Amino acid sequence: MVLADELAKQQRSISVAEFFEKNKHLLGFDSPTRGVITTIKEAVDNALDACEEAQVLPDIFISIKKVSNDIFRIIVEDNGPGIVPAQVPYVFGKLLYGSRFHQIRQTRGQQGIGISAAVLYAQLTSGVPTIVISRTGHKEPAYKFEIQIKIETNEPDIISQQPIDWDRIHGTRVQIEFRSTMAAKKKLLEYLKYTSVVNPHARFRVEIEDEAFTFERVSQEIIACPIAVKPHPHGIEFGQLKRMALASDLKLIDFLVEGFSRVGKKLAQDMCDKSGLKSTVKVSGLSADQLKALIAAMQEVTVPAPLTTQCLSPIGEELIRRGLDKEFQMDFVGARTRPAAVFSGHSFVVEAAIGYGGKLPSEGNAIILRFANRVPLMYQQGACAITQSVANVNWKLYNLSQQGLPMGPVLILVHVASTNVPFTSESKDAIASIPEIEKEIVLALQDLGRDLKHFVSRRDKSKVAEDRARAVCAIIPEIAAKVSEIVEKPLVDTTPIEGKLMRKLIVKKWTRDSRITIELNNYTAHQTDVSIYDISQDDAADAEPKAAFVSEMDGQFTKVWKLLIPSQTVTRVVYTGKGGGLLDIRGIEDNKKMVVDLDV
């Protein structure tokens, strides 16, 4: 038919680059605003992975500058091992090209799409080639490339290539220009802040127009790079098994032992027996039906879970706490790393943390921080298994209000580390609902919820005790004064009552007739060495005793006294002034002191 012939003439193959040219949204480039975050995310992921493979502490520089009305120049520079010149065009100028796709280990980048997609996006919106500078060592020259992508063939188009002088001994610098806006500046800084939390060994220097930001490292420990492992029998599919068999010249039993994780001679023989195949048969000669029988037997035999000590790199509870403490001011931080688990033959570890109080917003839903293989997930929160798991926990059991998600001054962090993170799409914004992963998340959060409940309960009891103590210090002396006035008797000293009730270091501050008094009553059984920090508009020049240290900033004077107070004695500091300000006592545990400002 004529129509069929005409249709046949129109049919042709589609390159990967052509497909993603029309489907940019699948890669996270669905808008100019989001394009900046996606580009920096992909470049930073590559930089962190490269530094870990080279066993160096990452120092990453990020620059964003506006070069015209709506064109922005993004630069990401790292101190990684660099890229061999022959490979640079393919890494940046060919989609689905990378070194990690076929490796079974935890990595940030997996598909070989990310940074080359940014090159494609720049090519489509600005037409400016991407500039790459890379150097692999002090004995090697640095090379500068200008690269684009040939859309029809998905091959790199090298505009120019030349050796240059570069001050870095090793590393890579990527410069990309494309049409965008800085409407998402706040979200970009959040991404970098969150990346710093789960990568506490990295330092990020950021320049956005005329502003500079630094996210310092809190750990000098270099992360051990995960080692690739063999595929697990329970995670194999027919097509993959067929491809492996055709490429092997081994006998069946040797193929099973050498080609798969945690399979020894005994388990391999069990698989041969259950499949009805001889262990000595050449695996490359097996038919499709025989391979189907083999894969059914592999699923039936119980095989130990894959080793996670080699292929995974969880953050660890201590580093999670330190990372959160660096970026957030909270009263409570708890972290948990769950034992390794498996879904469909893929190893994974769930880590979680809960922060409470401090400077977290007291109203609205809790702050949810989602991570996969140390990468923040910034979009599609509602479609993510992490969010669903958080909502599935009954937070009311842990003294938190809840409307779907928990509410109040709460921060919840969940990190999923896996050899194969099950994302919902190529943009890697959300984790799919896998029952095994959701179960581990819920268990980790429930464990942390119990710790949080204990903290809140203990804090509430402490607050009640503190309120009572303040009442004793503030109200009892006033009652004594009124009673003395009524009965016309001398004023009774109420400090022995305080001592019996408190058994703490009681610190009071009051102002009378332009004279400030700081009184310290040591009701404990031991002498106490403390430092008084008094911050106010008063310089305390006539203080008795003299302050050990005084500094001034913006009209506020910080006065410091260092005092040794014997047990059951009273010490006073007196000076002229207006009063007010802040008073802090250091050198003694919080539960052994009580500070009361009687002027408040």
Side-chain angles (χ1 to χ4, degrees), residues 96 98-107 110-112 226-314 338-350 372-373 385 416-424 426 431-440 443:
L96 293 177
S99 61
R100 305 183 188 104
F101 182 79
H102 297 288
Q103 297 182 11
I104 303 177
R105 65 183 179 96
Q106 176 185 333
T107 59
Q110 293 177 323
Q111 301 163 337
I227 300 172
V229 297
K230 299 171 185 175
H232 193 271
H234 292 175
I236 200 79
E237 293 181 335
F238 174 78
Q240 185 179 0
L241 179 63
K242 182 179 180 181
R243 188 171 64 253
M244 291 173 63
L246 290 174
S248 175
D249 58 358
L250 296 174
K251 296 177 181 178
L252 177 56
I253 192 167
D254 296 329
F255 169 76
L256 293 172
V257 172
E258 296 182 19
F260 294 94
S261 173
R262 308 303 300 275
V263 176
K265 289 279 187 182
K266 184 178 183 303
L267 288 179
Q269 188 61 55
D270 289 345
M271 293 176 185
C272 294
D273 294 341
K274 288 183 178 294
S275 63
L277 300 171
K278 292 183 178 180
S279 61
T280 56
V281 68
K282 286 279 188 179
V283 70
S284 58
L286 295 178
S287 66
D289 289 339
Q290 289 174 320
L291 286 172
K292 290 178 181 177
L294 176 60
I295 200 169
M298 292 168 68
Q299 304 297 323
E300 187 177 343
V301 173
T302 302
V303 182
L307 291 172
T308 58
T309 53
Q310 294 179 320
C311 61
L312 296 181
S313 177
R338 291 283 303 165
V342 178
F343 75 94
S344 300
H346 303 295
S347 303
F348 74 96
V349 169
V350 167
N373 285 356
V416 178
S418 178
T419 56
N420 182 25
V421 178
F423 292 112
T424 57
E426 292 85 352
I431 296 176
S433 294
I434 304 296
E436 294 89 341
I437 294 178
E438 292 177 325
K439 175 186 174 183
E440 289 297 314
L443 289 174

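Fair warning: this is a prediction, and the values are worked out from it, not measured in the lab. Worth knowing before you read on, the calculation uses all heavy atoms, side chains too, and leaves out hydrogens, waters and symmetry mates.
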Polar side-chain atom of [X] near backbone of [Y] as donor-acceptor pair, under 3.5 Å:
| X | Y | result |
| --- | --- | --- |
| Ser248 | Met244 | no |
| Ser261 | Pro231 | no |
| Lys251 | Ser279 | no |
| His234 | Thr302 | no |
| Gln299 | Leu294 | no |

Closest heavy-atom contact between [X] and [Y]?
| X | Y | answer |
| --- | --- | --- |
| Leu291 | Ala245 | CD2-CB, 4.2 Å |
| Ile431 | Ala372 | CD1-CB, 4.2 Å |
| Glu440 | Pro339 | OE1-O, 4.0 Å |
| Ala268 | Leu256 | O-CD1, 3.7 Å |
| Gln290 | Gly285 | OE1-O, 4.2 Å |
| Phe255 | Val283 | CD2-CG2, 3.7 Å |

When rounded to the nearest 0.5 angstrom, what distance separates [atom1] in [X] from [atom2] in [Y]?
| X | Y | atom1 | atom2 | result |
| --- | --- | --- | --- | --- |
| Gln269 | Lys274 | CD | NZ | 12.0 Å |
| Leu252 | Lys282 | CG | NZ | 11.5 Å |
| Leu312 | Thr419 | CG | OG1 | 6.5 Å |
| Lys242 | Ser287 | NZ | OG | 10.0 Å |
| Ser275 | Glu300 | OG | CD | 10.0 Å |

Could you check whether any side-chain heavy atom of [X] comes within less than 4.5 Å of a side-chain heavy atom of [Y], counting everything from C-beta outward?
| X | Y | answer |
| --- | --- | --- |
| Phe260 | Ile236 | yes |
| Pro422 | Ile437 | yes |
| Met271 | Val263 | yes |
| Lys439 | Glu436 | no |

task = Assess whether side-chain contact (heavy atoms from CB on, under 4.5 Å) is satisfied between Glu258 and Leu250, documenting all intermediate values.
result = CA-CA 9 Å; Glu258 296 182 19; Leu250 296 174; 3.6 Å; yes

key: Residue Glu237 excluded, over 12 heavy atoms near CD under 6.0 Å   =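 Open: at most 12 neighbouring heavy atoms sit under 6.0 Å from CD of Glu237.
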
message = Tell me whether Lys265 is salt-bridged to Asp254, with the criterion being a basic N under 4.0 Å from an acidic carboxylate O.
response =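 Judged by the 4.0 Å cut-off on N to carboxylate O distance, Lys265 and Asp254 do form a salt bridge.
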
